[in-house]
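These notes are about the structure you will find just below.
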Amino acid sequence: MLGNLTTAALPQDHIVITASIFMGISAVGVIALITYFKRWKWLWTEWLTSVDHKKIGIMYIILAFVMIVRGFADAVMMRLQQILSVGDSYGYLPPEHYDQIFTAHGVTMIFFVAMPLLVGLVNVVLPLQIGARDVAYPFLNSLSLWLTVAGAALVNVSLVIGEFAATGWLSYPPLSGITFSPGVGVDYYIWALQLSGAASLLAGINFFATIIMMRCPGMTLMRMPVFVWTVLGSMALVIITFPIFTASLAMLSLDRMMGMHFFTADFGGNAMMYVNLIWAWGHPEVYILVLPAFGIFSEVVSTFARKRLFGYTTMIWAVMAITFLSFVVWVHHFFTMGAGANVNAFFGIMTMIIAIPTGVKVFNWLFTMFRGRITFASPMLWLVGFIFTFTIGGMTGVLLSVPAADFQLHNSLFLIAHFHNTIIGGVVFGYFAGITYWFPKAFGFKLNEKLGKAAFWAWIIGFFVTFIPLYILGLMGMTRRLSHIDAASDWQPLLIVAGVGVLIIAVGVVLQILQFIVSVRDRKHNMDTTGDAWGEGRTLEWSTSSPPPFYNFATIPTVHGRHAFWDMKHGESSEPKSGHYEDIHMPKSTGIGFYIGGVSFVMCFALVWHIWWLAALGLAAIITLAMIRSFDYETEYFVPKEEVAKIEAARA
């Protein structure tokens, strides 16, 4: 009846039991608060069933911040284990639990922190920047969100029922095969990421179609904001690469569940085929994440330097060059495979070349700041911190692109430091800048600047204190994923320094949480009554109120240049005329996306534990819900022009 699920799947380790109890108490606390304040109906009608791109974006960002706490807790546990597990002491984590933690850390941070931050910010900003009322496919937007939530829930459930993968965040075979990982950990990994991957692919198609088809009149491609261009490149990569990712996990699942031999050494299989496929997705994924961060910094630097972005055209060409070149560098992740000098040389050269358009962007930002009237608000601080951290990450990346050097540094902590340099220094800093920059547009009030700046300094200092020692340890020969080091080693002092750095970053996380709390408390004192929160907005999102109405624009704007709102403010083009409105066509809210997400979670949980009847029932429910949606012909409605006029009068 319950397949392989037995009471033995319940947590046995005291650390896991403690974490499970904490998660349970937190969930009960949230439910109790919602019940106490009688907000269930409001939560359902205004948020859970909403197809408003702005609300969906906010829910994505909330998910990311919940998961960053989980992922950061894993990082703290890893650092503490490495500090304590020296010589005769073996720390507080058994090796198999430590392996699960570093796998969960990587999976959580990439798929359920970085990707939701990306999709969340794009949801909030993109339609506003191109003068659209919503995304091309509002229902798919809701479905993407709830599939992502289902995947995140599956990862967290693995902490309580069963185990998670102990294979690393990309689960290379043969370690991830059924012979060496007979438990359910890899199955949790596969199905959680299949849900996340499907959600990302739907989002990619949605945003790509939105940019191509829904730009307002006059907004040609070369008038689009740089952020929109970077999202276009990122979503093109999503559409092309995520099917590779889905197929790779599907074949791995067939190897495990049905005895196939795609990635085994017998019957013609080859484990290196998996490595090639997963990195054919994996390296473009880095640019999927970082390209929109580049777009955020381009918007931020122009606003706070009070200048037009230097080299708009070269910036666009750099975006497209990175988009193309990201497909021809994946082998630099495994030069040690033995493909030969010619193959390694080609991919090494391509990796060096991709640094050129990336460098172009950095110089464009620096030249934008040159002789600008710079205001060092917290978004601008994140940009300055990014330039330092990402430049170091880029230089070490070029070093690793040399096969001879990579042969020495591969799988060492040097590689870990480089990867975090690019992901934290590039992606996370970029999204933190974007959240701070566009927060008043989404919520109508600014975040507390003092706490925001304090959080930045804690993050940047903690980052360097954490990862500079890892560069040194990598050069000294320490490999990654070690849960124990020899007493004679001189690595422990540097590991202690790295642990101190993690604590400093933790201070930054606490300050960010405090920043949100204080900002909500003082929101009436920090209201944005102009729509142009920073006073230097150039793009269309600043032309509407903060927060925008559910229809974004009462009258669709017409664009006459690259700096649409700046031209409106300075009389170089006319704003949309007020007072004459038409009925507005909008999508209806629906709970189908929420239901499909919930049923998908149940189905994938059943597949993990081989509860076949429940999996079949879940699949049938998904098909039924999809059919119900497809036969619903009343998915849209009109907002009468009288109601639009009333809302606009109240906003004015």
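Here the structure is a predicted model, which is why all the values come from computation and not from measurement. Heavy-atom basis, side chains included; hydrogens, waters and symmetry copies ignored.
With hydrogens and angles ignored, the 3.5 Å screen pairs a side-chain donor or acceptor of N123 with a backbone N or O of V119. In this structure a side-chain-to-backbone donor-acceptor pair under 3.5 Å is missing from S181 to I178. At distances below 3.5 Å, not a single donor-acceptor pair connects side-chain atoms of S196 with backbone N or O atoms of A192. No side-chain donor-acceptor contact under 3.5 Å links N421 to the backbone of I392. With hydrogens and angles ignored, the 3.5 Å screen pairs no side-chain donor or acceptor of R256 with any backbone N or O of T179. For the pair S412 (side chain) and Q408 (backbone), a donor-acceptor distance under 3.5 Å is absent. A side-chain donor-acceptor contact under 3.5 Å links D255 to the backbone of F262. For the pair T108 (side chain) and G71 (backbone), a donor-acceptor distance under 3.5 Å is absent. For the pair S253 (side chain) and L249 (backbone), a donor-acceptor distance under 3.5 Å is absent. Under a 3.5 Å cut-off, the side chain of Q81 and the backbone N or O of S483 do form a donor-acceptor pair.
The side-chain hydrogen bond (donor to acceptor under 3.5 Å, both in side chains) test applied to S171 returns T167, not counting sequence neighbours. Take W459 and apply the side-chain hydrogen bond (donor to acceptor under 3.5 Å, both in side chains) test, not counting sequence neighbours, and it matches Q512. Considering only residues two or more places apart in sequence or on other chains, R70 meets the salt bridge (Lys or Arg N to Asp or Glu O under 4.0 Å) condition with D74. Residues that satisfy the ring-ring contact (aromatic ring centres under 6.0 Å, His included) test with F65, not counting sequence neighbours, are F516. Evaluation of the ring-ring contact (aromatic ring centres under 6.0 Å, His included) rule for H418 yields no partner, not counting sequence neighbours. With sequence neighbours excluded, no residue forms a salt bridge (Lys or Arg N to Asp or Glu O under 4.0 Å) with R79. By the side-chain hydrogen bond (donor to acceptor under 3.5 Å, both in side chains) test, D266 pairs with H261, T264, sequence neighbours left out. Evaluation of the ring-ring contact (aromatic ring centres under 6.0 Å, His included) rule for H420 yields F467 as partners, not counting sequence neighbours. Shown here are the salt bridge (Lys or Arg N to Asp or Glu O under 4.0 Å) partners of D99, two or more places apart in sequence or in another chain: there are none.
Residue pairs meeting the side chain to side chain donor-acceptor pair (under 3.5 Å) criterion with at least one partner in residues 493-511, sequence neighbours excluded, do not occur; the list is empty. Applying the ring-ring contact (aromatic ring centres under 6.0 Å, His included) test to pairs two or more places apart or on separate chains, those with a residue in residues 476-503 are Y90-H484. The side chain to side chain donor-acceptor pair (under 3.5 Å) analysis of residues 276-287, with sequence neighbours excluded, yields the pairs Y172-W279, N276-W330, H283-H332, H283-H333.
Within 6.0 Å of the CZ atom in F346, the count of heavy atoms belonging to other residues, nucleotides or ligands exceeds 12. Within a 6.0 Å sphere centred on CH2 of W457, heavy atoms belonging to other residues, nucleotides or ligands number 12 at most.
To the nearest 0.5 angstrom, I17 atom CD1 is 11.0 Å from L159 atom CG. In this structure, CD1 on I513 lies 12.0 Å from CG on L451, to the nearest 0.5 angstrom. In this structure, the separation between OG1 on T389 and CD1 on I423 is 11.5 Å, given to the nearest 0.5 Å. Considering CG of L80 and CG of L93, their distance stands at 8.0 Å, rounded to 0.5 Å. Note that the OG atom of S248 and the CD1 atom of I244 stand 7.5 Å from one another [nearest 0.5 Å].
Looking at heavy atoms from C-beta onward, T323 lies in side-chain contact with L291 at the 4.5 angstrom threshold. Counting heavy atoms from C-beta on, the side chains of I435 and L117 come closer than 4.5 Å. M337 is not listed as a side-chain neighbour of V275, based on a closest heavy-atom distance of 4.5 Å or more. You'll find the side chain of F414 reaches within 4.5 Å of the side chain of L399, heavy atoms only. Side-chain contact between F432 and F386 is absent, with no heavy-atom pair separated by less than 4.5 Å.
Looking at every heavy atom in both residues, W382 comes nearest to A433 through CB-CB, 3.6 Å. Among all heavy-atom pairs drawn from G87 and A487, the shortest one is CA-CB, 3.5 Å. For the pair L147 and A199, the tightest heavy-atom approach, listed with the atom from each and the gap, is CB-CB, 3.8 Å. Between P173 and A271, the closest heavy-atom pair is O-CB, 3.7 Å. A615 and L607 get closest at one heavy-atom pair: CB-CD2, 3.8 Å. Between I83 and G499, the shortest heavy-atom distance links the atoms CD1-CA, 3.9 Å.
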Practice item. Might you work through the side-chain contact (heavy atoms from CB on, under 4.5 Å) test for L400 and L409, ending with a clear yes or no? Key: CA-CA 8 Å; L400 289 170; L409 298 171; 3.8 Å; yes
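Y98 and Q82 share a side-chain donor-acceptor pair at under 3.5 Å. A donor-acceptor pair shorter than 3.5 Å can be found between the side chains of Y471 and T396.
Screening F294, F463, F297, F429 for a ring pair (Phe, Tyr, Trp, His ring centres under 6.0 Å) involving F390 leaves a single residue, F294.
Residues F245 and F111 place their aromatic rings such that the two centres sit under 6.0 Å apart. The six-membered or imidazole ring of F263 lies near that of Y274, with a centre-to-centre distance under 6.0 Å. Ring centroids of F335 and F407 are separated by 6.0 Å or more, keeping the two rings apart.
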